[in-house]
Number of protein chains: 2
Amino acid sequence: MRKTILFYGLSLAALVFLMKVLEYRFFVRDFSLEFYVGVVAVLFTALGVWVGLRLTRKKTAFVVMPSGRFVLNEAALKETGISPREHDVLDAMANGLSNQEIADKLFVSLNTVKTHTSNLFVKLDVKRRTQAIQKGKSMGLIP
Amino acid sequence: MRKTILFYGLSLAALVFLMKVLEYRFFVRDFSLEFYVGVVAVLFTALGVWVGLRLTRKKTAFVVMPSGRFVLNEAALKETGISPREHDVLDAMANGLSNQEIADKLFVSLNTVKTHTSNLFVKLDVKRRTQAIQKGKSMGLIP
DNA sequence: ATGGCCTTCGCCCGAAAGTATGATTCTTCT
DNA sequence: AGAAGAATCATACTTTCGGGCGAAGGCCAT
């Protein structure tokens, strides 16, 4: 990551240098300012397109377990401080259940489920249940 | 498509106009050429990034990840009748994005995303986004 | 026994998600 | 040319989530 930033920086520097060259090569020779600016504009537009393309390359590594059974990562459980009940909720959540359905399944009230989910989000450092599921899976908390 | 081209043209025209304004507002008032050019450069770089993002949002383009060789199940795609755009939304959804974030990422309005998600739920026969993610994964629609 | 947890539950409120319906534009296929 | 399917957006409405309080009982360690 640092390398790419450095690379962008160097590219910018190179372009600035090119600008200076153009400035003394063309501008002083009575080329119009519009022309000069136009060149700069085109150049930087191209740079922008290129950077835009670079930036949107996806990288999201995904760790899947095609083999046998799912093993719970208990170390991660302790690190995050997720309680057994919260873990139940996370599991139900990952199965696509709504809070109300989770409440019915666990025989508790809707409010209780909400409390659990809220605490869960804090402990997982996420904002939405979809993210919680994602993170839970990647951490080996749920299958 | 014609409209987008027209839009780009207008954007460029607007920027050129802005350039002229800057030219008479700042340049003649003894601001340095470097400053002026810098503003132009930043402006057009931003434009370039934006254009780059817009241009690359076509194509389903799922980058295969190093450690799991995900292959899109195109048969399932046809069976469910999920459109390319809906597929984009599903992917973003699985990455834990909110509808608003998806809208920003795909350069469309929130309402459009909602429409896509609704159609998606019907086609996947689910009721919630969490279920859509589950089903999407199990059907090989998303990594 | 006191402080710290987990679990349970309540209320309020705003934000996000989802449903329904209709409209426009554009491409593609017949 | 016309039908059909996309993609886009809008408006209006309901439901679900999520945050921010607070609180009570149980359990377990220092």
Side-chain angles (χ1 to χ4, degrees), chain A residues 74 77-136 141, chain B residues 1-8 53-61 74 77-136:
Chain A
E74 304 200 40
L77 260 189
K78 277 181 188 163
E79 282 170 30
T80 53
I82 292 177
S83 73
R85 211 52 169 162
E86 287 161 359
H87 187 247
D88 291 344
V89 171
L90 177 59
D91 180 51
M93 215 157 60
N95 282 326
L97 302 187
S98 70
N99 284 343
Q100 183 60 63
E101 288 167 343
I102 297 173
D104 294 343
K105 182 182 179 184
L106 299 182
F107 299 105
V108 295
S109 86
L110 176 59
N111 290 310
T112 304
V113 176
K114 284 183 167 192
T115 304
H116 286 323
T117 54
S118 274
N119 294 333
L120 209 42
F121 294 161
V122 171
K123 289 176 181 176
L124 285 176
D125 189 30
V126 297
K127 288 223 162 311
R128 277 176 286 285
R129 55 180 38 222
T130 48
Q131 292 178 343
I133 295 170
Q134 244 207 324
K135 196 149 189 175
L141 265 31
Chain B
M1 200 60 211
R2 203 159 299 154
K3 192 151 56 165
T4 58
I5 292 177
L6 185 71
F7 189 56
Y8 294 153
L53 290 179
R54 281 228 71 152
L55 290 183
T56 49
R57 77 168 162 57
K58 287 296 178 195
K59 314 271 183 342
T60 6
E74 305 200 39
L77 260 189
K78 277 180 187 164
E79 282 169 32
T80 53
I82 292 177
S83 73
R85 211 51 169 160
E86 287 162 358
H87 189 236
D88 290 344
V89 171
L90 177 59
D91 177 52
M93 214 158 62
N95 281 327
L97 300 188
S98 70
N99 283 343
Q100 184 59 64
E101 288 168 343
I102 297 174
D104 294 343
K105 181 181 179 184
L106 299 181
F107 298 104
V108 296
S109 85
L110 175 61
N111 290 310
T112 303
V113 175
K114 285 186 171 188
T115 304
H116 286 322
T117 54
S118 273
N119 294 332
L120 208 42
F121 294 161
V122 171
K123 290 176 180 176
L124 285 176
D125 188 31
V126 296
K127 290 219 166 311
R128 278 175 286 284
R129 55 177 42 222
T130 48
Q131 292 178 344
I133 295 170
Q134 246 208 318
K135 195 148 188 174

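Chain identifiers are assigned alphabetically (A, B, ...) following the order of the sequence lines, protein sequences preceding nucleic acid strands; residue numbering begins at 1 within each chain.
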Not counting sequence neighbours, list each pair that qualifies as a side chain to side chain donor-acceptor pair (under 3.5 Å) and has a residue in residues 82-92 of chain A. A:S83-A:E86, A:R85-A:D88, A:E86-A:K123

Check the pair A:L124, A:Q131 against side chain to side chain contact (heavy atoms under 4.5 Å, CB included), reporting the backbone distance first and the verdict last. CA-CA 9 Å; A:L124 285 176; A:Q131 292 178 343; over 6 Å; no

Once you round to the nearest 0.5 Å, how far does [atom1] of [X] lie from [atom2] of [Y]?
X	Y	atom1	atom2	value
B:T130	A:L97	OG1	CG	7.5 Å
B:R129	A:I133	CZ	CD1	10.5 Å
A:H116	A:I102	NE2	CD1	10.5 Å
A:L141	A:I82	CG	CD1	4.5 Å

Gap between atoms [atom1] and [atom2], on [X] and [N] respectively (whole Å):
X	N	atom1	atom2	answer
B:D88	D:dA6	CG	C1'	13 Å
A:E86	C:dC5	CD	C1'	11 Å
A:I82	C:dT7	CD1	C1'	16 Å
B:R128	D:dG18	CZ	C1'	16 Å

According to the salt bridge (charged side-chain N to carboxylate O under 4.0 Å, His left out) rule, which pairs have a member within residues 97-115 of chain A, sequence neighbours left out?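 Sorted result for residues 97-115 of chain A: A:E101-B:R128.
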
When you look at B:V126 and B:Q134, which way does the side chain to side chain contact (heavy atoms under 4.5 Å, CB included) test go after all the steps? CA-CA 10 Å; B:V126 296; B:Q134 246 208 318; over 6 Å; no

Residues in side-chain hydrogen bond (donor to acceptor under 3.5 Å, both in side chains) contact with B:T115, at least two apart in sequence or another chain: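 Per chain and number, B:T115 pairs via side-chain hydrogen bond (donor to acceptor under 3.5 Å, both in side chains) with no residue.
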
Quick check on contacts: within residues 89-117 of chain A, what sits under 4.0 Å from DNA chain D by heavy-atom distance?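 When residues 89-117 of chain A is checked for heavy atoms under 4.0 Å from DNA chain D, the hits, listed by number, are A:S98, A:N99, A:K114.
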
Positions of residues 118-127 of chain A (non-hydrogen atom under 4.0 Å from DNA chain D), listed by number: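 Of all residues in residues 118-127 of chain A, the ones placing a heavy atom under 4.0 Å from DNA chain D are A:S118, A:F121.
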
Report the end-to-end axis angle of the helix from C:dA1-D:dT30 to C:dT30-D:dA1; each axis comes from five terminal pairs, and the value is rounded to 10°. 50°

Taking side-chain contact (heavy atoms from CB on, under 4.5 Å) as the definition, give me every residue that meets it alongside B:S109, ordered by chain and number, with sequence neighbours left out.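 Partners of B:S109 by the side-chain contact (heavy atoms from CB on, under 4.5 Å) criterion, ordered by chain and then number, come out as B:N111, B:T112.
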
